[in-house]
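Remember, it's a predicted structure, so these values are computed and weren't measured experimentally. By convention in this document, chain letters (A, B, ...) are assigned in the order of the sequence lines, proteins followed by strands, and residues within each chain are numbered from 1. For the numbers below, each heavy atom of this structure counts, side chains included, while hydrogens, waters and symmetry mates do not.
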Amino acid sequence: MNNNLQLYNTLSRSKEKFEPLNPPNVGMYVCGPTVYGDAHLGHARPAITFDIVFRYLMHLDYKVRYVRNITDVGHLENDADEGEDKIAKKARLEELEPMEVVKHFTDRYHKNMDQLNVLHPSIEPTASGHIIEQIELIKSILDNGYAYESEGSVYFDVKKYSNDYDYGKLSGRKLDDLLENTRTLTGQQEKKNSYDFALWKKTDPKHLMHWPSPWSEGYPGWHLECSAMGAKYLGETFDIHGGGMDLLFPHHESEIAQSNACRGHDPVHYWMHNNMITIDGQKMGKSLNNFITLDEFFSGKHKALDKAYSPMTIRFFILQAHYRSTVDFSNEALHAAEKGMQKLFNTVELIDKLTPSSNSSVDVQHFKDSLYAAMDDDFNTPIAIAQLFELSKIVNQVNDGKETLTASDILFIQNLYSVFVFEILGLISENIKGNDDQLVDQLMGAILSLRQDAKQNKDWATADKIRDELGKINIKVKDTKEGAVWNIE
RNA sequence: GGUACCGUGGCCGAGCGGCUAGGCGGUGGUCUGCAAAACCAUAGACAGCGGUUCGAAUCCGCUCGGUACCUCCA
């Protein structure tokens, strides 16, 4: 399997050549959503980022098993530190079963991901469905002496672990620093050290979601599910683990610790982290209460939005920034993304209509290399998109008769667009006109023919009225050299 | 306070020591009955101050400003 793919590994803080452990197979695990609320723009980022990774690896002919979990065992609420499960709290408020809430938001998440044209992962395991695996993991960590039981709960012994392994290797933390900076939280006195984290937490009376275990009726600690499910479906060591930068510490750091504590080796070869989406320069997040849900973007129903933005506009907007940079939301930026993407799709339609020449006046062959080079360089989608815009410019120039292309070069561009725009970037044209509604086509043909007659008679008032009226129902008419064309906006 | 990172033209956003990134917007043109689209041309930038170098947006230091994370929220 030849590839030139370089990806940034958080573990080494540098780009590394991608070499899978068992080619052509690749195992990838990504931290999925906690299903206690509607997905917002912040959820779209990791989903789309790793969708690109998934798509590109498959394009390179790897056999990818992509595991993205659903976290349905919630834990403490951020500002309501009463030991109440996030999902349980929402359930009580709305008088629903916790699993009913889980089902509701899981379905909505799936719907949003489909709208964004995010491919389904190969496996989508739930935390609640893997309690047994998590308990087994705790047992083995206890057996190896890296955890201790206290008041029915089990805690990971970070200090003990640090004697044998490097706790902080991923996030760059130092144990001494951690000791000095700890919030006051419930259950703190049960722990040997403030930086120890829970593997199993004894339930409190208010807690709705709990399971039996050797230690108490309770629920698993927050980092455990990924360690358990990653190992179950991808093996004790797998290639890529992804997630948001906000999960770097403590979540992923602790995952590494847990795996070492029970198996004696690291679980993951490449750690990838996408950056945040910001709004007014701040991370968009549930706990900050500054999020805009995806449904609100799609409908335009949010006070911060000028208008509705289509799922593909959101996808394109996210892809126009590199995944390791923050991307700042604004109406202006989304307008730009919308217009730019439309330009790209106009080009796609135009390619089919180009007239081939006997020779090409411009070199288009090098675009293939530059497109692959962009993707190979740590999935640099903004560069890839810039290349596609360059191609778009050439296509337009050919259409205007200012440059020429041979039939094979035209086919070459068609293929590049098909591979990069649709297959790898996962963009789909939202031009509704593309469907096979013959009646609409015929109706439009009749209307535009009437307008053509009016134009012939220099009856501009009638011609403009037809265009304006169609405009009111979002049908846009454009006069070109080849006659009027229309599309639904 | 600690750790990681960022500061690029009106906006978004690439860039990893020398070569126009790109998109949106602006301006001037071509085309068009008008509009739209398209094309051509054009303006505009590297937070500040030092240093390294023949040469720095890119490397180093300091200053200023901002973000994320810092253990039982996933």
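The residue among Arg467(A) and Lys402(A) whose nearest nucleotide of RNA chain B is located toward the 5' end is Arg467(A).
Taking atom C1' on both U42(B) and G9(B), the two are 14 Å apart, rounded to the nearest angstrom. The separation of G26(B) from A37(B), taken at their P atoms, amounts to 10 Å, rounded to a whole angstrom. When the C1' atom is used for both A57(B) and G7(B), the distance is 11 Å, rounded to whole Å. Spacing of C1' atoms, G44(B) relative to G23(B), comes out at 16 Å, to the nearest Å. Distance check on atom C1': G1(B) versus C54(B) gives 44 Å, rounded to whole Å. Taking atom C1' in both C39(B) and U53(B), one finds a spacing of 43 Å when rounded to whole Å. Rounded to the nearest Å, the gap between the C1' atom of C70(B) and that of G10(B) is 38 Å.
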Problem set entry | Evaluation steps, side-chain hydrogen bond (donor to acceptor under 3.5 Å, both in side chains), between Asn193(A) and Tyr155(A) | CA-CA 10 Å; Asn193(A) 287 295; Tyr155(A) 294 99; over 6 Å; no
For this session: Apply the test side-chain hydrogen bond (donor to acceptor under 3.5 Å, both in side chains) to residues Ser361(A) and Glu403(A): give CA-CA distance (whole Å), side-chain angles for both, the deciding distance (0.1 Å), then the verdict.
Result: CA-CA 6 Å; Ser361(A) 60; Glu403(A) 301 284 0; 2.6 Å; yes
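If you check every strand for non-hydrogen atoms under 4.0 Å, Lys286(A) touches nothing. At a threshold of 4.0 angstrom between heavy atoms, the contacts of Ala333(A) are confined to the sugar-phosphate backbone, with no base atom among them. Residue Gln387(A) is out of contact with every strand shown, counting any heavy-atom pair closer than 4.0 Å. Residue His322(A) is in sugar-phosphate contact alone, with no base atom involved, counting any heavy-atom pair closer than 4.0 Å across all strands shown. Heavy atoms of Lys283(A) sit under 4.0 angstrom from primed sugar atoms or phosphate atoms, though from no base atom.
Separation of the Phe297(A) and Phe329(A) ring centroids falls under the 6.0 Å cut-off.
Ring geometry for His252(A) versus His241(A): interplanar angle over 60°, hence perpendicular rather than tilted (30 to 60°).
Pairing for G1(B) goes to C70(B), judged as Watson-Crick or G-U wobble with the two contacts each under 3.5 Å.
A side-chain donor-acceptor contact under 3.5 Å links His130(A) and Tyr233(A). Thr326(A) and Asp328(A) share no side-chain donor-acceptor pair at under 3.5 Å.
Side-chain proximity of Phe197(A) to G10(B), U71(B), A38(B): nearest is U71(B).
As a whole-Å value, the separation of His252(A) NE2 from A68(B) P is 18 Å.
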I'd like a table of atom pairs between the protein and nucleotides 3-5 of chain B - only N or O on both sides, under 3.5 Å - with the distance next to each one.
unit_1	atom_1	unit_2	atom_2	d
U3(B)	O2'	Ser171(A)	O	3.2

